[in-house]
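Below: the structure, in structure tokens.
Just so it is clear, the values below take in all heavy atoms, side chains as well, and ignore hydrogens, waters and symmetry mates. Quick note: residue numbers are just sequence positions, from 1. Model, not experiment: these values are computed from the prediction.
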Amino acid sequence: MAGAHVERVEIGRAALVHNVREFRRIIGRKRLFLGVVKANAYGHGLLETSRIAVAEGVDWLGVNSVDEGAALRDAGIEVPVLVLGYVPLGDLEEAVARDLRLTVYNRETVKKLAVLAKRAGRDVRLHIKVETGTWRQGVVPKDLGTFVRDVQSSPGLVVEGLSSHFANIEDTTKHDYPRLQLDCYRAACRELEERGLRIPIRHMSCTASTILFQEPDFNLARVGIGLYGLWPSKETYLSSALEKKEPPDLKPVLTWKARIAQIKKVPAGAFIGYGCTYRTTRPTALAVIPVGYSDGYDRRLSNAAHILVKGRRAPVRGRVAMDFFMADVTDIPSVKLEDEATLLGADGKERIAAEDLAALAGTIGYEILARINPLIPRVVV
């Protein structure tokens, strides 16, 4: 491992390019392809991932905040960037200056943007989010027509898109609720058209719906977790198989590695780590790994997970601390100081998947990836 860092995250360029091509095959060339790179590109590195995706032909990028959008602009990335999250009123001026598309649903936001657009002398492109049953961001359907009309009547504000989001498409193979949401969205579109309010870009998709619902009336597809080689859930994969769709061949992009900080010989009967939660039953060789929950390695992996050393599994022993945890390398010969340990990803024929760690931690693969400390170097390989 090059450099002085004790840990790094490797981003597999070939795997990411492969995943982009798989989703382009599904999306086609007539629809826009938006790659979601929020949350530091789901832990993969905002700039590193975005540069590869754009070079491979992703049309738009989706972020959560103005800060993320500004970072893309500072890096010279000029494709359309849509802010999917809430933008505080105080950040709207920078959003306009950076030519970011904004997701809107509050009249206070619209009012301030109208002032800023006039001051800047430029159009501000907006995507209005309609509430279809997630009950998070969005304008309720009964208020949508008036909201859209008022935005369109404001000089300098352009209603470019109408968006929404699925609430329960990944956790089940029964898709009645997503279908209800689709019906709600389409009814909202019909009502707008009856009022003469036509919105050019329509989008409601996530990775799961891009795979399962290839709806012809959407002309932009938002792809998040799938871009990085993870299925949204086992249920999504099963639904794809049951519906006899050709599933995308997804390749995990991220590998998380660290150097071993110490090899320690421990006698039988020794307690390991905080709380004395593990006791050795034999003379043991412990590898001290300089990674902890402050880096995103979940404390719930204590005494449960494995790491890979020299292509073999080593069980985590004792509690994961803020900056360290220990692994049993007794059965792995010739382990030495600063050998490479793989916390997540493949080494030889073995692999630690984000889904594996998520199952142990009682969460989802998204969280395992997104919580990897952004200060850890991301290296494209």
Treating Ile, Leu, Val, Met, Phe, Trp and Tyr as nodes and any side-chain heavy-atom pair under 4.5 angstrom as an edge, say whether [X] and [Y] lie in one connected cluster.
{"X": "I352", "Y": "M326", "value": "no"}
{"X": "Y177", "Y": "F218", "value": "no"}
{"X": "V148", "Y": "V158", "value": "no"}
{"X": "F324", "Y": "V309", "value": "no"}
{"X": "V140", "Y": "V159", "value": "no"}

Completion exercise
Exactly one candidate in Q137, E131, K129, R136 meets side chain to side chain donor-acceptor pair (under 3.5 Å) with Y105; the answer is Q137
Handout entry: Residue of the set R202, R101, H203 for which side chain to side chain donor-acceptor pair (under 3.5 Å) holds with H127
Key = H203
Using side-chain heavy atoms (C-beta onward) and a distance below 4.5 Å, is [X] in contact with [Y]?
{"X": "E56", "Y": "R24", "answer": "no"}
{"X": "V253", "Y": "Y42", "answer": "no"}
{"X": "T236", "Y": "L212", "answer": "yes"}
{"X": "L197", "Y": "Q152", "answer": "yes"}
{"X": "L82", "Y": "T103", "answer": "yes"}
{"X": "F166", "Y": "T132", "answer": "no"}
{"X": "I289", "Y": "E7", "answer": "no"}
{"X": "R107", "Y": "D150", "answer": "yes"}

Between [X] and [Y] (side chain of the first, backbone of the second, donor and acceptor by atom type, cut-off under 3.5 Å), is there such a pair?
{"X": "D339", "Y": "K336", "result": "yes"}
{"X": "E170", "Y": "A208", "result": "no"}
{"X": "R125", "Y": "G161", "result": "no"}
{"X": "E22", "Y": "D249", "result": "yes"}
{"X": "R279", "Y": "G269", "result": "yes"}
{"X": "T280", "Y": "A270", "result": "yes"}
{"X": "E68", "Y": "S65", "result": "yes"}
{"X": "N219", "Y": "L32", "result": "no"}

Exercise for the section: Return yes when atom CZ of R29 has more than 12 non-hydrogen atoms of other residues, nucleotides or ligands closer than 6.0 Å, and no otherwise. Expected result: no
Exercise for the section: Answer yes or no: does atom OH of Y86 have more than 12 heavy-atom neighbours from other residues, nucleotides or ligands under 6.0 Å? Expected result: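 It does: Y86 OH has more than 12 such atoms within range.
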Problem - Steps toward side-chain hydrogen bond (donor to acceptor under 3.5 Å, both in side chains) verdict (S294, D323) - result: CA-CA 6 Å; S294 69; D323 303 300; 3.2 Å; yes
Salt-bridge criterion met for [X] and [Y] (N-O under 4.0 Å):
{"X": "R190", "Y": "E194", "answer": "no"}
{"X": "R31", "Y": "D59", "answer": "no"}
{"X": "D298", "Y": "R371", "answer": "yes"}
{"X": "R8", "Y": "E10", "answer": "yes"}

Exercise for the section: Return yes if a side-chain donor-acceptor contact under 3.5 Å exists between T207 and T210, otherwise no. Expected result: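 Judged by distance alone, the side chains do not pair up.
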Practice task
For the residue pair D328 and T330, confirm or rule out a side-chain donor-acceptor distance under 3.5 Å.
Solution key: yes
Exercise for the section: For salt bridge (charged side-chain N to carboxylate O under 4.0 Å, His left out), just list the numbers for D176 and R179, CA-CA rounded to whole Å, side-chain angles, deciding distance to a tenth of an Å, and then say yes or no. Expected result: CA-CA 5 Å; D176 294 347; R179 292 293 183 190; over 6 Å; no
Exercise for the section: Let me know which of V104, D123, V124 forms a side-chain contact (heavy atoms from CB on, under 4.5 Å) with L157. Expected result: V124
Problem - Option among L72, L84, V36 that satisfies the side-chain contact (heavy atoms from CB on, under 4.5 Å) test with V63 - result: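 One option only clears the test, and that one is L72.
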Practice task
Check the pair R312, D331 against salt bridge (charged side-chain N to carboxylate O under 4.0 Å, His left out), reporting the backbone distance first and the verdict last.
Solution key: CA-CA 9 Å; R312 297 175 65 176; D331 298 322; over 6 Å; no
Practice task
Enter the distance from T134:OG1 to H165:NE2 here, rounded to the nearest 0.5 Å.
Solution key: 6.5 Å
Handout entry: Spacing of CD1 belonging to I372 relative to CG belonging to N40, to within rounding of 0.5 Å
Key = 9.5 Å
Handout entry: Qualifying residue, where the test is ring pair (Phe, Tyr, Trp, His ring centres under 6.0 Å) with F325 and the options are Y293, Y297, Y274, Y278
Key =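 Between F325 and the candidates, ring pair (Phe, Tyr, Trp, His ring centres under 6.0 Å) is satisfied uniquely by Y297.
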Exercise for the section: Check which hydrophobic residues are tied to L375 through side-chain heavy-atom contacts below 4.5 Å, counting indirect links as well, and list them. Expected result: none
Problem - N303: partners by side chain to side chain donor-acceptor pair (under 3.5 Å), with sequence neighbours left out - result: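 Side chain to side chain donor-acceptor pair (under 3.5 Å) check on N303 returns T277.
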